[in-house]
Amino acid sequence: MKNKILFILTRPPYPAVDGTRERILGELKSLSTDFQIDLLIISNEELAEKAKTYLRDLSSGEIFYFKLPKIKSYLNCLAGLFSSRPLQSAYFYNKSALDWLTMNARKYQALHFHTLRFGPYLKHLRTHEIYDNTDLLLCFNDAISLNYRDAQKKAKGLWKLIYSIETERVKNYELEMFKLADRFSIVSERDKEYIQKNWQEKYPNKETPSIQVIRHGIEDELFNYHYQPETENLVFIGNLLYPPNRQGLLFFCGNILPGIIKAKPNSKLLIIGRGGKEFFSRRSNVEPLGFVDDPYLLMTKQAVFISPADFGAGVPTKSLLAMALGLPVISTQNNAMGIEGILDGENICLIDYKEPKKATKKIIELLDDEIQMKMIANAGNELVFNKYRQSINYPALKNFIQEE
């Protein structure tokens with residue numbers, strides 16, 4: 001009989017409307033060959049019956065869903081203003097879910113918590129010692145404090161206020177997690193080193209905690225697509241309700257794309273995914289497509305992929321996806337830093353938003369050079385195939401889950 005694992009999540013991973021959900025679905029698909037996986041979802045998003053059925057079939061386990069009323073979450077955050085914990089950990093607190101977890105923790109070989117938002121749940125389990133021989137695992141996903149540090153400088157309005165409150169709280173909370181779980185994972189060496197550096201600065205005489213890097217796995221099947229450009233178009237796929245994506249693309253469309261269109265009047269920017277129509281439908285030479293049945297085939301027919309965010313931690317999953325499909329990727333340096341082995345001009349094209357004219361010129365030169373585009377595309381594809389393919393990253397994930 002397969003060992004039972006419980007994944008604890010703050011959002012339904014299906015449908016995969018962003019990179020984090022894609023990663024979770026990939027992990028569930030791989031792990032289901034060796035484990036029975038139940039899902040505990042504590043979220044203010046709806047969980048449709050279709051999604052429940054899909055996830056149940058994928059994980060071979062049960063789905064336990066606790067809906068968070070937004071008004072309750074907002075009140076939790078309001079109360080959280082007067083504590084030292086991150087507001088997001090208050091936002092996702094649900095007493096009914098905690099009671100369920102308290103009663104059922106012992107049924108599982110491991111409890112896999114996704115992000116430090118579940119700190120209060122971990123603290124409860126650890127304090128009351130109600131988990132017996134069950135391993136408590138925490139996936140940081142990325143260094144949220146690194147993300148917030150950079151976001152605070154660039155965000156506007158309400159988000160700037162949120163980041164200003166959360167940045168130091170999250171930084172301290174990341175370190176507190178090391179007292180609560182047994183093992184820790186993260187998506188990149190950059191994020192791992194950032195958290196460990198913060199630990200060393202705060203606790204110079206204590207041993208640095210171990211964090212296992214488990215790379216984002218790109219499904220092996222995606223490498224069967226072939227880059228065959230039929231246009232001079234740029235393409236983006238992603239969730240534009242996520243501020244770094246939206247703000248980066250707004251800057252790109254306002255300061256770089258017009259120069260490209262002037263030089264390449266037949267070019268346009270295609271936007272695939274959530275939020276594109278909401279924010280970009282009135283811009284010239286921009287075509288928001290929303291959801292597309294086979295976005296990958298469409299992407300392979302465009303000239304280049306643009307990864308526009310200019311801040312954020314973790315790994316830009318959409319850049320990895322585009323590289324797997326064989327497209328040349330144009331990215332800001334800040335956004336690409338989580339990818340291991342990138343080299344500007346060899347396997348990626350890096351631009352700097354501080355110099356938009358130079359960035360525009362660099363992109364036009366790339367679009368004019370078919371040989372260079374294909375060289376970058378092939379090298380990027382090889383990098384992702386060798387480092388980020390799901391099948392070669394699964395052993396690290398499996399060992400993390402079942403370490404003795």
Side-chain angles (χ1 to χ4, degrees), residues 19 22-23 26 187-191 213-238 248 252 256 260 264 267 269-270 272 295-310 312 314-353 355 358-394 396:
E22 276 187 5
R23 179 180 184 230
V187 296
S188 82
E189 287 290 340
R190 178 197 181 206
D191 294 81
V213 174
I214 300 176
R215 298 188 187 108
H216 179 99
I218 297 295
E219 287 194 40
D220 291 40
E221 292 80 4
L222 293 180
F223 293 92
N224 295 328
Y225 285 83
H226 300 288
Y227 172 57
Q228 296 176 323
E230 299 176 358
T231 72
E232 291 185 316
N233 293 340
L234 296 82
V235 62
F236 168 80
I237 184 170
F252 184 87
I256 297 174
I260 297 172
K264 301 281 184 181
S267 295
L269 171 64
L270 305 184
I272 304 170
Y296 308 138
L297 182 61
L298 176 65
M299 289 170 67
T300 60
K301 296 178 180 180
Q302 314 313 315
V304 295
F305 180 84
I306 175 70
S307 188
D310 196 32
V315 176
T317 55
K318 299 308 180 188
S319 295
L320 297 180
L321 167 65
M323 289 176 172
L325 297 174
L327 277 81
V329 170
I330 298 168
S331 172
T332 65
Q333 184 166 354
N334 287 341
N335 193 41
M337 285 176 68
I339 303 176
E340 296 178 29
I342 56 164
L343 292 170
D344 184 26
E346 294 191 23
N347 50 33
I348 197 168
C349 175
L350 297 179
I351 59 174
D352 187 345
Y353 281 174
E355 299 182 282
K358 186 180 288 188
T360 303
K361 183 173 181 289
K362 192 171 185 178
I363 294 171
I364 293 169
E365 288 175 350
L366 181 62
L367 290 170
D368 281 336
D369 192 336
E370 184 178 341
I371 294 175
Q372 178 73 357
M373 279 201 300
K374 289 187 175 179
M375 185 199 78
I376 289 176
N378 290 337
N381 181 265
E382 183 179 359
L383 183 151
V384 175
F385 184 84
N386 290 334
K387 288 183 178 291
Y388 291 95
R389 199 168 13 120
Q390 183 72 28
S391 57
I392 64 170
N393 284 290
Y394 176 61

Colleague: Output yes when a side-chain donor or acceptor of Asp310 lies under 3.5 Å from a complementary backbone atom of Gly248, and no otherwise.
Modeller: no
Colleague: Are Thr332 and Asn335 close enough that a side-chain donor and a side-chain acceptor fall under 3.5 Å?
Modeller: no
Colleague: May I ask you to check whether over 12 heavy atoms, not counting those of Glu189, lie within 6.0 Å of atom CD?
Modeller: yes
Colleague: Does some side-chain heavy atom of Val235 sit less than 4.5 Å from a side-chain heavy atom of Asn233?
Modeller: no
Colleague: Indicate the atoms forming the closest heavy-atom contact of Ser319 with Ser307, along with that distance.
Modeller: OG-OG, 2.9 Å
Colleague: For a quick test of reading the model, state the closest non-hydrogen atom pair linking Cys349 to Leu366 and the distance between them.
Modeller: CB-CD2, 4.1 Å
Colleague: Within the 4.5 Å heavy-atom criterion, are Ile392 and Phe385 side-chain neighbours or not?
Modeller: no
Colleague: Hey, does the side chain of Tyr388 reach the backbone of Leu321 with a donor-acceptor pair shorter than 3.5 angstrom?
Modeller: no
Colleague: Are Lys362 and Asp344 packed together at the side-chain level, in the sense that at least one heavy-atom pair is separated by less than 4.5 angstrom?
Modeller: yes
Colleague: Does Glu346 reach the main-chain N or O of Ile342 with its side chain, forming a donor-acceptor pair under 3.5 Å?
Modeller: no
Colleague: For a 4.5 angstrom cut-off between non-hydrogen side-chain atoms, does Tyr225 reach Leu297?
Modeller: yes
Colleague: Looking at Asn347 and Leu343, would you say the former's side chain and the latter's main chain have a donor-acceptor pair under 3.5 Å?
Modeller: yes
Colleague: Any side-chain heavy atom of Met373 within less than 4.5 Å of one from Val304?
Modeller: yes
Colleague: Specify the closest pair of heavy atoms between Ile214 and Ala396, including all atoms of both residues, with the distance to one decimal.
Modeller: CD1-O, 4.1 Å
Colleague: Would you give the length of the straight line joining atom OH of Tyr296 to atom CD of Glu221, rounded to the nearest 0.5 angstrom?
Modeller: 10.5 Å
Colleague: For a side chain to side chain contact (heavy atoms under 4.5 Å, CB included) check, start with the C-alpha distance between Met375 and Asp369, then their side-chain angles and the critical distance, and finish with the verdict.
Modeller: CA-CA 10 Å; Met375 185 199 78; Asp369 192 336; over 6 Å; no
Colleague: After noting the C-alpha distance and the side-chain angles of Ile256 and Ile351, does the key distance pass the side chain to side chain contact (heavy atoms under 4.5 Å, CB included) rule?
Modeller: CA-CA 10 Å; Ile256 297 174; Ile351 59 174; 4.2 Å; yes
Colleague: Using a cut-off of 6.0 Å, state whether more than 12 heavy atoms not belonging to Lys361 lie near its atom NZ.
Modeller: no
Colleague: Show the nearest heavy-atom pair for residues Ala303 and Tyr227, with the distance to one decimal.
Modeller: O-OH, 2.6 Å
Colleague: Determine the minimum heavy-atom distance between Ser331 and Ala336, stating which atoms define it.
Modeller: OG-CB, 3.6 Å
Colleague: Side chains of Ile348 and Met323, heavy atoms from C-beta outward: is any pair under 4.5 Å?
Modeller: yes
Colleague: Can a donor-acceptor pair be found, under 3.5 Å and without considering hydrogens, that links the side chain of Arg215 to the backbone of Asn393?
Modeller: no
Colleague: From Lys301 NZ over to Leu325 CG, what is the distance, rounded to the nearest 0.5 angstrom?
Modeller: 13.0 Å
Colleague: After noting the C-alpha distance and the side-chain angles of Ile260 and Leu269, does the key distance pass the side chain to side chain contact (heavy atoms under 4.5 Å, CB included) rule?
Modeller: CA-CA 10 Å; Ile260 297 172; Leu269 171 64; over 6 Å; no
Colleague: Any non-hydrogen side-chain atom of Ile339 less than 4.5 Å from a side-chain atom of Leu383?
Modeller: yes
Colleague: Below 30° counts as parallel, above 60° as perpendicular, anything between as tilted: where do the rings of Phe252 and Tyr353 land?
Modeller: tilted
Colleague: If you take all heavy atoms of Phe305 and Ala322, which pair is closest and at what distance?
Modeller: CG-CB, 3.5 Å
Colleague: Any chance you could measure Glu219, atom CD, to Asn224, atom CG, to the nearest 0.5 Å?
Modeller: 11.0 Å
Colleague: Measure the shortest side-chain to side-chain distance between Thr317 and Arg23 over non-hydrogen atoms and say whether it is less than 4.5 angstrom.
Modeller: no
Colleague: Any chance you could measure Leu320, atom CG, to Arg389, atom CZ, to the nearest 0.5 Å?
Modeller: 13.5 Å
Colleague: As an exercise, state the distance from CD1 of Ile218 to CD of Gln390, rounded to the nearest 0.5 Å.
Modeller: 8.5 Å
Colleague: Is the backbone of Ala359 close enough, under 3.5 Å, to the side chain of Asp352 for a donor and an acceptor to pair up by distance?
Modeller: no
Colleague: Would you please test Lys318 and Glu22 for salt bridge (charged side-chain N to carboxylate O under 4.0 Å, His left out) and show each step?
Modeller: CA-CA 10 Å; Lys318 299 308 180 188; Glu22 276 187 5; 3.0 Å; yes
Colleague: What's the spacing between Glu230 CD and Gln302 CD if we round to 0.5 Å?
Modeller: 8.0 Å
Colleague: Just checking, any donor-acceptor pair under 3.5 angstrom between side chains of Thr300 and Gln228?
Modeller: no
